[in-house]
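Below: one structure, written as structure tokens.
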Amino acid sequence: MTQTVFISDLHLSPERPDINRLFFDFLERITVATDRLYILGDLFEYWIGNDAANALGQTQVLAALRDLTRKGIPVHVMRGNRDFLLNEAFSQATGCELISDPSVVEIYDRPTLLTHGDRLCTDDHKHQQFRDLVDDPEWQRWFLAKPVSERIRLATDARSRSELNKSITAMEIMDVNPAAVSAALRQHGVDLIIHGHTHRPAFHDVIMGRTRACRIVLGDWFQHSNMLRWRPPADIAFAADSDAVNRA
Ligand code: MN
């Protein structure tokens, strides 16, 4: 039996080695009969450039992803609001394909809108301002030109008054705006959206006039692993790690 697996919001960080281990186990065990793995943002608690990966204990994660792609499992990674600086160097190190946010992909012939989800939280004006700032290539060049130690300080120092820190450390995550969800579904002409970010895993019906769509929200990896498993044609369900692991 084949499957496509979706995960997001792992927030991998050296401060939570238990979650890193869960992730490594997961990667080792999903290989059989998994067609594709989608990681829809916030794989890392923060990502501040490939040259900082060593200092942040992230190289093991890169190696684990590379092992998976070398086994022939395609892995598609979307940037989240914490790892928005993932770039080609990450792709080259891991063999993962970076995909745009949003992306429409055919999953077993069903067009599906994939997004990290924070852009749907339109009521959170502060966050949208932050996202506009850090998505600006000029801001990214400015940030990446700083020494690694300075970047780490900016990303981690809770007392820092920088925009970066104000925006990504102490912010409660608002839920998505329903009108933004409907607009995105209409714009892309699909009736299924899968996203993360809000850490509120659920299946939602979305009523749009006479049509009905579905919004699936992925869970985070704070207490345990969380994944969505899609078996063709349309068997879509959350799965515990042990279920998602195929025993073919
Ligand atoms: Mn997020």
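Treat the numbers as computed from the prediction; the structure is a model and nothing was measured. Atoms within each ligand, like the ligands themselves, are counted from 1 in listed order.
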When you measure from the Mn ion (ligand 1) to the N, O or S atoms of N81, does any of those distances fall below 2.8 Å? yes
Worksheet item: N/O/S atom of D42 under 2.8 Å from the Mn ion (ligand 1), yes or no?
Response: yes
Side-chain donor-acceptor contact under 3.5 Å, [X] with [Y]:
| X | Y | value |
| --- | --- | --- |
| R79 | H116 | no |
| Q128 | R119 | yes |
| T4 | Y38 | no |

H116: its N/O/S atom lying closest to the Mn ion (ligand 1) (atom name)
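Per the distance ranking, H116 contributes NE2 as its closest N/O/S atom to the Mn ion (ligand 1).
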The Mn ion (ligand 1) -> H197, closest N, O or S atom is ND1
- Presence of salt bridge, D191 and R110, under 4.0 angstrom: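 Salt bridge between R110 and D191, a charged N being under 4.0 Å from a carboxylate O: yes.
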